[in-house]
Q: 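Mind looking over this structure? Questions follow.
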Amino acid sequence: MSRPDLNPAQHSAVMTLSGPLLVLAGAGTGKTRVITYRIAELIRRGIVQDRILAVTFTNKAAKEMKERAQHLLGKRQRGVQPPEISTFHALCVRILRRHADRLGYPKEFAIYDRSDQETLARGALRDIRVSADKLRPGDLLHLISGWKSQGIRPAGAEAIAQGDREQLAAAAYARYQTQLRACGSMDFDDLLLSTEELFDKHPEARFAEATRFDHLLIDEYQDTNGPQYRIVKSLADRHRNLCVVGDDDQSIYGWRGADVSHILNFQKDWPDAKVVRLEDNYRSKAPILEAANTLIAHNSSRHQKILRPFRDGGLPPRMLRMENETLEAEGVIAEIRQRMDGVDESLKWRPSDVAILFRTNEQPRAFELELRRAQIPYVLVGGMSFYDRKEVRDVLAYLRVIANPADEVSLLRVINTPARGIGAGTIEVLMQVAVVEGKPLWEILPQASANGDIPHTAGDRVDAFRALIEQFRSKLGSGSLFEFAQEMLKTVNYRAELDRVYKTPGDIEARLNSIAEFLNSIALYEQRTEGATLQGFLEEAALAGREDQKDDDKRERHAVTLMTLHSAKGLEFPHVYLVGMEEGLMPHQRSIVDGKSIDEERRLAYVGVTRAQDTLTLTFCKERMKWGKPRAQIPSRFLMEMRGETERAKKAAEAAVLMFRSLDGGPADGRPAAATPAKKAASKPGAARSTKKPVRRA
DNA sequence: CCCTGCGCTTTTTTT
DNA sequence: AAGCGCAGGG
């Protein structure tokens, strides 16, 4: 079975080198191949590689694309660098830095991740005296991000906010944004939004950026949000050589502001756009693809397309019913073990051939346990990442404060870590002074001991802390960053914090190890970067986020992959296990209750199914633990839809709606959960029709 | 100020 | 099951 180098459709997409081009590429149709060949072809035709910009959604995709392009180019000419390939966010950071003076932003800014944002959101809600039962930090962040992805600022949000909840959120948004700026920081949405603002207010900056490139390629175009869409337009309308690649059936980031209409309406924006459809699937064996096609056909409003299998043979997806999540993991892992140990050498599975895909981050627990027990190497992608660990965040916070003491979130994190006698009372007083004087907390610290509001002893401690940070600030920029960080940790005596929090020597050692690993990443950064700075390192760490760690490549080659469906997009594996195919999980309870985004959940399932090359196994449990209690599960409607049993799928959907809407997350035995009486009373009468949480009057 | 233990709530996906 | 906030004793 030989595969053509490029089929006619792919060839046409590669060769259409000027003007707008929409490549509608189904799963497994070789879209990466098209992009890289296109880049190579442009360079072959004499386009200087610096004039080509390719944008991806993840660092991993960017890295991979760079490697592939490099490989293709290497065959033709030696020493040719690949063109600029970058994520949206990294691109925006560079643009903002180049034009920082225009917008009056500092050139150096910290990038706040999800956990920093949560701290900020919590603080904003406290400042405007909103308790968690009215609006939780997570919900606030979701609303803020929604506004930001539509380009709406706090003033605008206050104007359009509907109802109490949104009004409160809009007020908190204003507060959040002020604090964020005061810290000299940006969140991920800000990077995009500020770039958009820069282009709006400063046409000359927009012109300068647009003139840097003659060709623009955007991968995963179905996942662009408002600001990204507008930035693409700004950058492309001069040369019009815009190639976007995507698949509306794989749009799974709607909750993050991605808007499928961008890809659906591409031809309206660019009337002379050429459209190429890639419908030959080279990845999955026919019966798997058939299941995928049948499943996705249940979605309305999509570009009609059918994927044709190139590979024949193979078996239909298996659907296995398990007793509970422990036995699910046991069953799956036992099978993998067995396949790995097979007698027939040619049929043996390697660990890296296998992926276990799931919907939520709590699901992998059971599988990790079993994999360890079976002594099968594995990598858990995403989940609790390196940068989410407490000790790493603490060290990071110290470095951030040293880089920029105005960073209040980080300052508050380390001011009493390890405990140095600056307690909640002292901090509260200092914060109040800061608010009254309208200055950052850091600038208040020198007056602390003089201020009569806090005890003398506390004042001395604050002085000592400030001197400590100042001492390291003055050392910055001379000598190795790695040694700098190492010395800082020693001086600060971070070890004391570990001893306080962790009881067993094993725990302490594990934490020390992750700190060592972190320090190592500083050393690696220094090695590969000319003119390494602390700021530069912090920025890289923020943008790399939960993505790859340097030695993952090596590990991945011998390990079973565990990951969420969202992280699996763009990847493929010979053997895929799609686990937890139950109502409430897949589709998720949330989308069942508000009935809105079932289509997106279906696309998610579709993404999962189309990751499989040779075999696909779907599993579901009869019962699953939740909050310490076992709970009856209904098999996912998607299982039935995949087999064309539409009526049975509808029944499952109805049952799920009943279960999740009326029982407030009811238990296994069918009796209503003993929920808090107040909540019960409120949710029962209105539950049938309400799409939003009923707003209760006080 | 710091630690411990109890009780209450939690329900998705991530650049 | 686990993480958070709060009360109470050193």
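Because the structure is a prediction, the values reported are computed rather than measured. So that the names make sense, note that chain A is the first sequence line, chain B the second, and so on, each numbered from 1.
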Q: Report each atom pair, protein N/O against N/O of nucleotides 5-10 of chain C, whose distance is under 3.5 angstrom.
A:
none

Q: Within less than 4.0 Å of OP1 or OP2 of B/dC1, is there a side-chain N or O belonging to A/T426?
A: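 Yes, within the criterion.
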Q: For B/dC1 and A/N416 - does any side-chain N or O of the residue sit under 4.0 Å from the phosphate oxygens OP1/OP2?
A: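 The answer is no; no side-chain N or O of A/N416 sits under 4.0 Å from OP1 or OP2.
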Q: Does the aromatic ring of A/W255 sit over the six-membered base ring of B/dT13, closer than 5.5 Å centre to centre and tilted less than 30°?
A: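 Stacked: centres under 5.5 Å apart, planes under 30°.
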Q: Could you tell me how far C/dG5 sits from B/dT12 if I compare only their C1' atoms? Round to whole Å.
A: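 These two C1' atoms come out 25 Å apart once rounded.
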Q: What integer distance in Å separates A/K63:NZ from B/dT15:C1'?
A: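 Atom-to-atom, A/K63 to B/dT15, this comes out as 17 Å.
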Q: Backbone N or O of A/L445 within a donor-acceptor pair of the A/R466 side chain at under 3.5 Å?
A: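 Not a single qualifying donor-acceptor pair exists.
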Q: Specify the separation, in whole Å, of atom CD of A/E118 and atom P of B/dT10.
A: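 Between P of B/dT10 and CD of A/E118: 14 Å.
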Q: Measure from CG on A/L141 to P on B/dT14 and round the result to the nearest Å.
A: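 Whole-Å distance recorded here is 15 Å.
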Q: With a cut-off of less than 4.0 Å, is there a side-chain N or O of A/T564 near OP1 or OP2 of B/dT14?
A: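 It does, given that an N or O in the side chain of A/T564 lies less than 4.0 Å from OP1 or OP2 of B/dT14.
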Q: Enumerate the protein-to-nucleotides 3-6 of chain B contacts in which both atoms are nitrogen or oxygen and the separation is below 3.5 Å.
A:
{"unit_1": "B/dC3", "atom_1": "OP2", "unit_2": "A/R500", "atom_2": "NH1", "d": "3.2"}

Q: Report all side-chain donor-acceptor pairs from residues 143-151 of chain A shorter than 3.5 Å, counting only partners two or more places apart or in another chain.
A:
{"unit_1": "A/S145", "atom_1": "OG", "unit_2": "A/D189", "atom_2": "OD2", "d": "3.3"}
{"unit_1": "A/K148", "atom_1": "NZ", "unit_2": "A/Q177", "atom_2": "OE1", "d": "3.0"}
{"unit_1": "A/K148", "atom_1": "NZ", "unit_2": "A/D187", "atom_2": "OD1", "d": "3.2"}
{"unit_1": "A/K148", "atom_1": "NZ", "unit_2": "A/D187", "atom_2": "OD2", "d": "2.6"}
{"unit_1": "A/K148", "atom_1": "NZ", "unit_2": "A/D190", "atom_2": "OD1", "d": "2.8"}
{"unit_1": "A/S149", "atom_1": "OG", "unit_2": "A/S145", "atom_2": "O", "d": "3.3"}
{"unit_1": "A/S149", "atom_1": "OG", "unit_2": "A/G146", "atom_2": "O", "d": "3.0"}
{"unit_1": "A/Q150", "atom_1": "NE2", "unit_2": "A/G146", "atom_2": "O", "d": "3.4"}

Q: Over all strands shown, is A/G425 touching base, sugar-phosphate only, or nothing at heavy-atom distances under 4.0 angstrom?
A: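 Sugar-phosphate contact only.
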Q: Step through it carefully: locate the ring centre of A/W255, locate the ring centre of A/H566, and say whether they are under 6.0 Å apart.
A: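 Yes.
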Q: Would you find a donor on one side and an acceptor on the other, under 3.5 Å apart, between the side chain of A/E539 and the backbone of A/I111?
A: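 No, the answer is negative, given that no donor and acceptor are paired below the 3.5 Å cut-off.
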Q: To the nearest Å, give me how far apart CE (A/M625) and P (B/dT10) are.
A: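 It is 20 Å, rounded to the nearest whole Å.
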Q: Can you label the angle between the A/H262 ring and the A/Y229 ring as parallel, tilted or perpendicular, going by 30° and 60°?
A: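 If you compare the ring of A/H262 with that of A/Y229, the planes turn out parallel.
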Q: Quick one: A/R624 CZ to B/dT12 C1', roughly how many Å, whole number?
A: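 Rounding to the nearest Å, CZ of A/R624 and C1' of B/dT12 are 14 Å apart.
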Q: Look at the side-chain N and O atoms of A/N361 and state whether any lies under 4.0 Å from the OP1 or OP2 oxygen of B/dT13.
A: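 For A/N361, the contact criterion (side-chain N or O under 4.0 Å from OP1 or OP2 of B/dT13) is met.
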Q: Looking only at side-chain N and O atoms, does A/S567 come under 4.0 Å of OP1 or OP2 in B/dT14?
A: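 Checking A/S567 against B/dT14: at least one side-chain N or O falls below 4.0 Å of OP1 or OP2.
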Q: Look only at the side chain of A/R611 and the backbone of A/L571, and say whether a donor-acceptor pair between them is shorter than 3.5 Å.
A: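 Between the backbone of A/L571 and the side chain of A/R611 there is a qualifying donor-acceptor contact (under 3.5 Å).
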